[in-house]
There are 4 protein chains.
Amino acid sequence: MSGSVNKVILVGNLGADPEARSFQNGGECVTMRIATSESWKDRATGERRERTEWHTVVVFAEGLVPVAKNYLRKGSKVYIEGKLQTRKWQDQAGNDRYSTEIVCQGFNAQLVLLDKRERDPGRDDYSGHAHDGRWSNSTPGGGAGGAAGTAGGSAFDAGLDDHVPF
Amino acid sequence: MSGSVNKVILVGNLGADPEARSFQNGGECVTMRIATSESWKDRATGERRERTEWHTVVVFAEGLVPVAKNYLRKGSKVYIEGKLQTRKWQDQAGNDRYSTEIVCQGFNAQLVLLDKRERDPGRDDYSGHAHDGRWSNSTPGGGAGGAAGTAGGSAFDAGLDDHVPF
Amino acid sequence: MSGSVNKVILVGNLGADPEARSFQNGGECVTMRIATSESWKDRATGERRERTEWHTVVVFAEGLVPVAKNYLRKGSKVYIEGKLQTRKWQDQAGNDRYSTEIVCQGFNAQLVLLDKRERDPGRDDYSGHAHDGRWSNSTPGGGAGGAAGTAGGSAFDAGLDDHVPF
Amino acid sequence: MSGSVNKVILVGNLGADPEARSFQNGGECVTMRIATSESWKDRATGERRERTEWHTVVVFAEGLVPVAKNYLRKGSKVYIEGKLQTRKWQDQAGNDRYSTEIVCQGFNAQLVLLDKRERDPGRDDYSGHAHDGRWSNSTPGGGAGGAAGTAGGSAFDAGLDDHVPF
DNA sequence: TTTT
DNA sequence: TTTT
């Protein structure tokens with residue numbers, strides 16, 4: 001089924017430091033727990049109530065893994081864009097279990113730091129799109145080589161060619 | 001924690017007719033299963049592959065329940081906006097289990113039909129926002145009482161015509 | 001045309017204090033300028049470049065106007081959800097001009113403060129949905145009257161505990 | 001300013017066929033006009049009203065240009081994800097003018113056909129992400145090289161099956 | 001279980 | 001200029 005969209009947008013805080021994990025093939029992912037909450041006034045009692053929701057986010061996107069590892073910490077506020085994915089696994093009794101995670105992988109994954117932390121002025125990799133590490137010399141948005149090319153941001157500056165964002 | 005966002009956006013197809021359910025207090029919800037899928041070319045074999053993801057959507061928003069009940073069917077394509085919510089329950093063995101659903105409830109819930117189905121020209125309730133049933137005569141966006149109230153859709157109809165921002 | 005979506009999501013900083021404006025009928029709106037930016041590495045020179053985009057946001061939603069007036073200031077970081085609207089006006093020479101704004105009005109408008117500012121612990125109105133001021137004692141999402149109504153945040157508190165979908 | 005998000009999501013119909021445009025350097029873009037609309041019941045008169053908004057969308061993303069050119073036509077319904085960009089230009093009198101467009105360029109751009117049109121079963125390029133043309137044999141999301149790389153869609157195919165987060 |  |  002082309003013609004579908006699967007998108008999650010979260011703004012929340014990390015409940016703990018992110019956990020990195022390596023694969024045999026050299027790949028790497030980072031898992032983190034993000035809290036979002038909503039508050040409301042109870043109709044009956046009039047008192048304010050709050051409900052916190054915990055989300056499991058798994059970052060696979062190459063450009064985003066170092067951002068998560070190097071800059072996110074317990075308490076960090078972050079904007080996350082990913083997709084919903086439900087995984088099937090077996091518990092010790094052999095029963096099927098399901099876990100739903102927000103997966104930041106591939107295009108349309110995004111991760112943006114939202115708090116003013118102490119930053120190293122020599123670094124500029126505090127946020128990123130899915131492929132920042134991988135195609136480091138692509139245009140912003142990766143529209144390399146084409147019209148988007150020269151613009152330095154404006155898609156319409158014509159002559160776009162020498163511009164190669166990122 | 002104010003300062004958080006919990007949003008899911010799906011465009012997909014219903015795998016089966018929606019299931020309505022009533023509560024003791026007169027309330028009602030509708031549950032449905034939505035499929036989204038992505039396809040890609042396998043790096044190794046070069047063949048096209050596809051993966052389908054199934055989502056459980058629960059509609060509580062008053063204005064959206066009738067839309068889901070009356071117009072959505074198996075196969076319908078729909079745009080859905082809701083929030084992620086994980087529910088804890090006990091299986092027969094008494095073990096804790098968790099289910100994650102997309103909940104369409106309250107503000108910022110949305111449900112839009114995307115296929116051209118046979119429609120009854122006398123009806124105009126084929127899509128809706130969270131409260132369409134409840135404040136049926138409000139302006140678009142429901143900004144009653146103020147400028148928006150008389151605006152009838154244009155934010156600037158109410159004396160803002162001379163407003164020339166930037 | 002039902003079956004359409006018009007949504008803008010911004011995370012950015014205010015370039016100046018918000019400007020409030022009243023209408024004859026008692027309504028009120030708040031206008032603000034929000035900066036977003038993207039940065040990339042220039043392909044040719046290898047140096048980092050940045051482009052800032054300025055957005056005009058107009059808040060009409062009743063629940064959001066006080067949030068914008070009371071808590072947003074020059075420099076504030078904010079999450080905004082609204083819709084695109086292009087307004088036609090005449091310049092002094094009588095020529096048609098168009099301005100495009102992000103309008104926060106009605107359902108699906110949202111405004112969330114993202115920086116840790118000095119806060120008054122006695123207040124709890126630092127962010128909001130479109131109608132927070134208006135239906136102040138509604139449940140989160142405002143799904144009053146039904147199952148959601150008593151739910152107090154959890155969609156399943158009202159007799160749904162035994163509900164185990166899928 | 002890292003730490004910002006500039007995102008537009010539209011579901012609407014094309015008012016006319018898309019217009020392609022080539023650049024000297026071989027690049028190409030496609031411009032199209034998209035209509036979205038909202039309807040509401042007038043408070044005073046009780047009659048149904050409707051307002052249509054027209055959006056100018058410019059597609060630069062390499063993977064999306066052919067989708068727009070080959071499959072979108074006047075009347076097509078489409079899901080679009082891009083960013084807001086305001087362009088400055090001079091009218092004949094030499095006055096500064098501004099135009100705001102939705103730019104589909106780079107990461108996080110997306111374009112999904114939503115109507116069932118006559119399709120050629122031999123083709124599979126009816127929708128796409130920003131770079132589909134460019135990295136045509138990447139995994140879904142393009143997370144090549146790492147765990148995701150071999151995954152073929154499931155983030156957990158590469159040794160993650162035993163991973164049971166939370 | 002949908003859709004292409 | 002689309003669509004319902």
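Throughout, a chain's letter reflects where its sequence line sits, starting with A, and its residues are numbered from 1.
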Take atom [atom1] of [X] and atom [atom2] of [N], then tell me their distance rounded to the nearest Å.
X      : N     : atom1 : atom2 : answer
D:D115 : E:dT4 : CG    : P     : 11 Å
B:R73  : E:dT2 : CZ    : P     : 16 Å
B:K74  : E:dT3 : NZ    : C1'   : 12 Å
B:I34  : E:dT3 : CD1   : P     : 12 Å
B:H55  : E:dT1 : NE2   : C1'   : 13 Å
D:L114 : E:dT2 : CG    : P     : 20 Å
A:Y98  : E:dT1 : OH    : P     : 13 Å
D:L113 : E:dT3 : CG    : C1'   : 14 Å

So which atom in A:Q110 and which in A:C104 form the shortest heavy-atom distance, rounded to 0.1 Å?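 It is O-SG, 4.4 Å.
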Which of the following nucleotides, [options], is nearest to the side chain of [X]?
X     : options             : answer
D:E50 : F:dT4, E:dT4, F:dT1 : F:dT4
D:A35 : F:dT4, E:dT4, F:dT2 : F:dT2
B:R33 : F:dT3, F:dT1, E:dT1 : E:dT1

Carboxylate-amine/guanidinium contact D:D91 D:R97, below 4.0 Å: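 Salt bridge flag = yes for D:R97 with D:D91.
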Contacts of type side-chain hydrogen bond (donor to acceptor under 3.5 Å, both in side chains), residue B:E81, not counting sequence neighbours: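 side-chain hydrogen bond (donor to acceptor under 3.5 Å, both in side chains) list for B:E81, sorted by chain: B:K7, B:Y79, C:K7.
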List in chain and number order the residues that pass side-chain hydrogen bond (donor to acceptor under 3.5 Å, both in side chains) with B:Q92, two or more places apart in sequence or in another chain; answer none if no residue qualifies.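 Residues passing side-chain hydrogen bond (donor to acceptor under 3.5 Å, both in side chains) with B:Q92: none at all.
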Going by centres under 5.5 angstrom and planes under 30 degrees, do the aromatic ring of D:W54 and the base ring of F:dT1 stack?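 Answer is yes, a stack.
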Could a donor-acceptor pair under 3.5 angstrom be found where the side chain of D:T52 meets the base of F:dT2?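 In this structure, the two groups form a donor-acceptor pair.
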